[in-house]
Amino acid sequence: MPELPEVETTRRGIEDHVVGRRLVDWEIRNAALRWPVELPGELRNQTIVRIDRRAKYLLLRTETGALIMHLGMSGSLRVVDSSVAVRKHDHLDLCFDDGGILRLHDPRRFGSVHFQTHPVEAHFLLAKLGIEPLGPDFNGAHLKRLAKGKRVAVKNFLMNGHVVVGVGNIYANEALFMAGIRPTVQAQQVTLAAYEVLADCVRNVLNSAIQMGGTTLRDYVGGSGDPGYFKQSLNVYGREGELCNLCDSELRSLRLGQRATVYCPKCQQSRGFRKNEC
DNA sequence: ATAGTCACCTGAGCGC
DNA sequence: TGCGCTCAGGTGACTA
């Protein structure tokens with residue numbers, strides 16, 4: 001569920017309710033997330049000084065480190081008060097001094113929660129991450145340089161967290177459509193010019209989704225409890241068999257790296273000859 | 001080093 | 001209504 005825009009939407013939705021609050025207690029109802037949840041005693045009574053996002057991780061920074069949270073495939077966070085009934089799959093409550101509770105809901109339990117003392121970025125989940133797609137260093141030259149010698153499909157390349165973080169299946173499909181690049185082309189075959197277009201498209205599709213509050217699929221709900229509206233503007237994801245919004249060709253699907261891949265056979269001819277509405 | 005597969009887990013949707 | 005199957009937004013670990 002949560003891809004980068006959903007995580008960023010969550011970050012924005014919870015930050016005003018959490019930053020500046022002191023974490024007075026917590027309740028772990030089910031510690032069996034992707035890694036066992038164990039929060040150290042030193043975390044108690046620390047104040048959340050800032051919430052950052054790195055890739056799809058939320059970093060709730062405290063005086064001595066940070067809570068590192070990942071929402072996996074099905075996770076969501078909501079700020080509630082103690083009167084709100086606990087639902088199935090509400091695995092963790094973080095309880096603050098103002099009575100607010102940050103509640104983690106995650107049916108599939110692919111998410112994770114760790115506490116890491118300074119330096120937070122040394123944590124094993126953060127140490128090897130690639131660059132941020134919305135940061136200043138993400139551009140066509142970066143992609144072209146890392147693609148050298150890579151025969152893997154460009155879609156898989158784009159979803160590789162060592163290359164660029166935060167581009168999940170939905171937005172990889174969408175960005176390749178907008179750039180007019182066939183998802184199956186070898187990464188090394190894509191030209192620098194096409195990678196420059198692709199980098200722009202990745203940025204644009206992520207920013208657009210953030211502005212609309214993320215993509216609502218199944219049970220995703222942002223931190224504010226409001227659903228996202230980006231799903232309505234998806235061009236290819238989930239639309240196999242339907243008609244291309246640009247040329248009326250029938251969208252085709254295949255599987256790449258066991259993930260659903262949808263593309264327009266006409267608009268995405270090859271390595272990116274044309275720039276679609278990006 | 002690279003590329004491909006597997007695993008973790010629950011729930012929704014489908015055909016029968 | 002139920003059973004069995006496939007699929008789903010992620011990603012570290014494992015294998016050739």
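Below, read A as the first sequence line, B as the second, and so on, with proteins coming before strands; counting in each chain starts at 1.
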Looking at every strand, decide which applies to A:Phe157 at a 4.0 Å heavy-atom threshold: base, sugar-phosphate, or nothing.
nothing
Can A:Gln46 and A:Thr62 be counted as having a side-chain donor-acceptor contact under 3.5 angstrom?
yes
note: A:Leu126, atom CG; C:dT11, atom C1'; distance rounded to Å ~ 13 Å
Indicate the ring-plane relationship of A:His114 and A:Phe124, choosing parallel, tilted or perpendicular according to the 30° and 60° boundaries.
perpendicular
Counting the atoms with a prime plus P, OP1 and OP2 as sugar-phosphate, which does A:Lys128 contact under 4.0 Å by heavy atoms, base, sugar-phosphate, or nothing?
nothing
Any residue meeting side-chain hydrogen bond (donor to acceptor under 3.5 Å, both in side chains) with A:Glu8, in chain and number order, not counting sequence neighbours
A:Arg11, A:Arg12, A:Arg53
Dot-bracket, 5' to 3', for DNA chain B please: Watson-Crick or G-U pairs under 3.5 Å, [ ] where pairs cross earlier ones, | where the partner sits on another strand, dots elsewhere.
.|||||||.|||||||
Quick check: do A:Glu27 and A:Leu92 have side-chain heavy atoms less than 4.5 Å from each other?
no
A:Leu33 has an atom CG; how far is it from atom P of C:dG10, in whole Å?
17 Å
Once side-chain hydrogen bond (donor to acceptor under 3.5 Å, both in side chains) is applied, do any residues pair with A:Glu63, and if so which ones, sequence neighbours excluded?
none
Provide, to the nearest angstrom, the distance between the CH2 atom belonging to A:Trp35 and the P atom belonging to C:dG10.
15 Å
Spacing of the P atoms in B:dC6 and C:dT6 (rounded, Å)
14 Å
Establish, with yes or no, whether the OP1 or OP2 oxygen of C:dG10 is under 4.0 angstrom from a side-chain nitrogen or oxygen of A:Tyr171.
no
Tell me the interatomic distance from A:Asp106, atom CG, to C:dT11, atom P, rounded to whole angstroms.
13 Å
Checking A:Glu174 side chain against A:Val236 main chain: does a donor-acceptor pair fall under 3.5 Å?
yes
Could you tell me how far apart A:Leu4 (CG) and C:dG9 (C1') are, to the nearest whole angstrom?
12 Å
Proximal nucleotide (of B:dG11, B:dC9, C:dC7) relative to the A:His89 side chain:
B:dG11
NA contact type, A:Ala32, heavy-atom cut-off 4.0 Å: base, sugar-phosphate, or nothing?
nothing
For residues 133-142 of chain A, tabulate all N or O donor-acceptor pairs below 3.5 Å that involve a side-chain atom, not counting sequence neighbours.
from	atom 1	to	atom 2	distance (Å)
A:Asn139	OD1	A:Ala141	N	3.1
A:Asn139	OD1	A:His142	N	2.8
A:His142	NE2	A:Val163	O	2.9

Please list all pairs meeting side-chain hydrogen bond (donor to acceptor under 3.5 Å, both in side chains) that have one or both residues in residues 92-101 of chain A, counting only residues at least two apart or in different chains.
A:Arg21-A:Asp98, A:Arg29-A:Asp93, A:Asp93-A:Arg103
Can you tell me if the side-chain N/O atoms of A:His70 get under 4.0 Å from OP1 or OP2 in C:dT11?
yes
Which value, in whole Å, describes the distance between the P atoms of nucleotides C:dC7 and B:dT5?
14 Å
Under 4.0 angstrom between A:Tyr237 side-chain N/O and C:dG9 OP1 or OP2
yes
For nucleotides 1-8 of chain B, give me one character per nucleotide, 5' to 3': B if any protein heavy atom sits under 4.0 Å from the base, S if the only such contacts are to the sugar-phosphate, - if neither.
-SSSS--B
How close or far is atom P of C:dA8 from atom CG of A:Leu234, stated in whole angstroms?
15 Å
With ring centroids as reference points, do A:Trp26 and A:Phe115 lie under 6.0 angstrom apart?
no
Spacing between A:Glu174 atom CD and C:dG9 atom P, to the nearest angstrom:
12 Å
Quickly work out the A:Glu6 CD to C:dA8 P distance and round it to whole Å.
16 Å
Given C:dC7, C:dG9, B:dT10, identify the nucleotide with an atom nearest to the side chain of A:Met73.
C:dG9
